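Please read all numbers here as calculations on a predicted model, not as lab measurements.
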Amino acid sequence: MKDSAANGQPTDEREAADQEATVQKTSLLALSRRSRRADEQSDPSDSGVETAEFAVATPEAGDTDSSEGAEMSEHAEKRQGFKHWRRQRPFIGGVLAVLGGIELFFSGQLDLGNMQIQFGIEGLQATVLPIAIVVLALLSIFRPTHHVFYGIIALVLAVYSLIGVNLGGFIIGMLLSTIGSILVIAWMGPRGPKESEAAEGETA
């Protein structure tokens, strides 16, 4: 009995020590949990603001990227549409004829102080001929079905401008109008998408 009692005392002490150790561990765990909760309650305000700012900033970045992509696609579509529109009419010849008519018009309006420079037949035709060439060139661009008719009339007027409008706008306007009118007459008609793609493939 004594031995059992003697042996029992250390076991009780050990059990008490173990219980104290477990209590200390649980208290430490509880304290650590409380401190974590306190940190989480204090930090979320800052982190929430940061996340909110990030959440506000990221959609704006996404919107800018999407808007830039949309603008690029619209620009590419406009360029493609203009190329297609240009291929359906005698664009280059019409532009050259317009430039020649403008040069003819301003060559007949040269005033140097009290002196006006005028060669050839004077009169209203120095104004009418350039305007008629410009109108015919624009008609050939916007009404390409009758391009031969418009081109022939513009060519006749351009050649006649050598006599009627300051030596054909000092020859420059006559040359531009003549070359543009010839290109308008020689235009072979609208080009389809297959022909344009084949031509681009050959050039590449």
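- In terms of modelled atom types and a separation under 3.5 Å, the side chain of Ser177 and the main chain of Met174 share no donor-acceptor contact.
- Every side-chain contact (heavy atoms from CB on, under 4.5 Å) that Val135 has, sequence neighbours left out, goes to Ile131, Leu139.
- A single hydrophobic cluster is not seen to contain both Leu175 and Val159; linkage of ILVMFWY side chains at heavy-atom distances under 4.5 Å, directly or through other members, places them apart.
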Donor-acceptor contacts, no H, no angles, side chain residues 89-102, under 3.5 Å, sequence neighbours left out:
residue: Arg89; atom: NE; partner: Trp85; partner atom: O; Å: 2.9
residue: Arg89; atom: NH1; partner: Ile141; partner atom: O; Å: 2.8

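- Taking all atoms of both residues into account, the shortest heavy-atom contact from Trp187 to His147 is O-CE1, 3.3 Å.
- Between Pro190 and Gln88, the shortest heavy-atom contact is CB-OE1, 2.9 Å.
- Follow the hydrophobic side-chain contacts under 4.5 Å out from Val156 and you never reach Phe149; the two are in separate clusters.
- Hydrophobic clustering (ILVMFWY, side-chain heavy atoms < 4.5 Å, transitive): Leu155 and Ile179 are in distinct clusters.
- Here the shortest heavy-atom pairing between Ile172 and Glu103 reads C-OE1, 4.1 Å.
- A single hydrophobic cluster is seen to contain both Tyr150 and Leu104, as judged by linkage of ILVMFWY side chains at heavy-atom distances under 4.5 Å, directly or through other members.
- The two residues Leu136 and Ala154 come nearest to each other via the heavy atoms CD1-N, 3.6 Å.
- Hydrophobic clustering, with ILVMFWY side chains joined whenever heavy atoms are under 4.5 angstrom apart, keeps Leu183 apart from Ile185.
- With values rounded to the nearest 0.5 angstrom, Ser181 atom OG is found 8.5 Å from Leu157 atom CG.
- Distance check: Arg86 CZ to Arg79 CZ gives 10.0 Å after rounding to the nearest 0.5 Å.
- Contact between Gly151 and Val184 at its shortest, heavy atoms only, is CA-CG1, 4.0 Å.
- Note that NE2 of His75 is 9.0 Å distant from NZ of Lys78, once rounded to the nearest 0.5 Å.
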